[in-house]
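Step one of this worksheet: look at the structure below.
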Amino acid sequence: MSSASILESLGAMITTGGVEVVDCTGILGPDTPILQLPEDFAKNTPKVEIHKISEYDEDGPFFAWNWLVLGEHTGTHFDAPHHWITGKDYPDGYTDTLDVQRLVAPVNVIDCSKQTADDVDFLLTADAVKAWEAEHGEIKAGEWVVMRTDWDKRANDQATFLNADETGPHSPGPTPDCIEYLLSKKIVGWGSQCIGTDAGQAGGMEPPYPAHNLLHKENCFGLASLANLDKLPAKGAILIAAPLKIEHGTGSPIRALALVPKA
Ligand code: 23J
Ligand code: MN
């Protein structure tokens, strides 16, 4: 089949509901959880602010609009390669220079929700990914891989979402060997439902923050705070994860959308 006829069929499938568009995005607002870096780093992203310019009033009699205070790495968001020192030299490693062809791709959804319900520090390993592939099929070049933990159910409360105690944040994520294995499969990027792409305790891994360190070293992308992964099949959906074209941006909030076949 030609790509023109496939797209025509897809268009018809979308407009008639045979393909469902699932919103994998959390709410962006003053209550959106914000990453709190350890105290050795002084600065953090401010909370989201939504300031009204007008709403059909003396400042704008027939229009409503707002201006925002918004971090690049806030809410459901994209990590560009330049975000991490290991990816600093890629000319196409910024939000305004990356190749948009890479942003739309099949998504592999690895369901870890049972494990993470019992263990908030659960780590996904390369061996577990290989076992997932034996059951669901191989992860292929150019595809997204996302870790389902149902962590989005905590996103209405920053304390529960970050889940920190005196030993630091506790949330699931990948091991270094997991990310190395996925990179050997030439994935485009890795996504998490937690505050960042790495586990809460990833600062103590070797290398520290392996998802950030290793993905961006290979010019790959990260996705964080993804929502509604429980509504996606293990394979068969297409994920669209497009950052704003921020000038030399290191990341951006996204509206993450998945095209999902109706059962
Ligand atoms: C800055 C420093 C460390 C981390 C992060 C940001 C993120 O998780 C992020 O949002 O990319 S770990
Ligand atoms: Mn980020």
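Starting from 1, each residue takes its place in the sequence as its number. In listed order, ligands and their atoms are each counted from 1. This structure is a prediction, so every number in the text was calculated from the model and none was measured.
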Please test His248 against His82 for side chain to side chain contact (heavy atoms under 4.5 Å, CB included), starting from the C-alpha separation and ending with a verdict.
CA-CA 9 Å; His248 274 198; His82 190 75; over 6 Å; no
Close side-chain approach of Glu206 and Pro208, heavy atoms under 4.5 Å:
yes
Please check if the number of heavy atoms outside [X] that lie under 6.0 Å from its [atom1] is greater than 12.
X      : atom1 : value
Leu37  : CG    : yes
Ile27  : CD1   : no
Met205 : CE    : yes

Return the CG to SG distance between Leu223 and Cys24, rounded to the nearest 0.5 Å.
10.0 Å
Just to be sure I understand the site: which N, O or S atoms from the protein are less than 2.8 Å away from the Mn ion (ligand 2)?
His73 ND1, His77 NE2, Asp79 OD1
Of Lys130, Lys185, Lys186, the residue whose pairing with Glu138 passes salt bridge (charged side-chain N to carboxylate O under 4.0 Å, His left out)
Lys185
Is it true that Arg148 and Asp230 make a salt bridge, defined as a side-chain N closer than 4.0 Å to a carboxylate O?
no
Which residue in the set Asp92, Val188, Asp99 passes side-chain contact (heavy atoms from CB on, under 4.5 Å) when paired with Asn219?
Asp92
Under 4.0 Å from ligand 1 - residues by heavy atom, chain and number:
Leu35, Leu37, His73, His77, Asp79, His83, Trp84, Gly196, Tyr209, His212
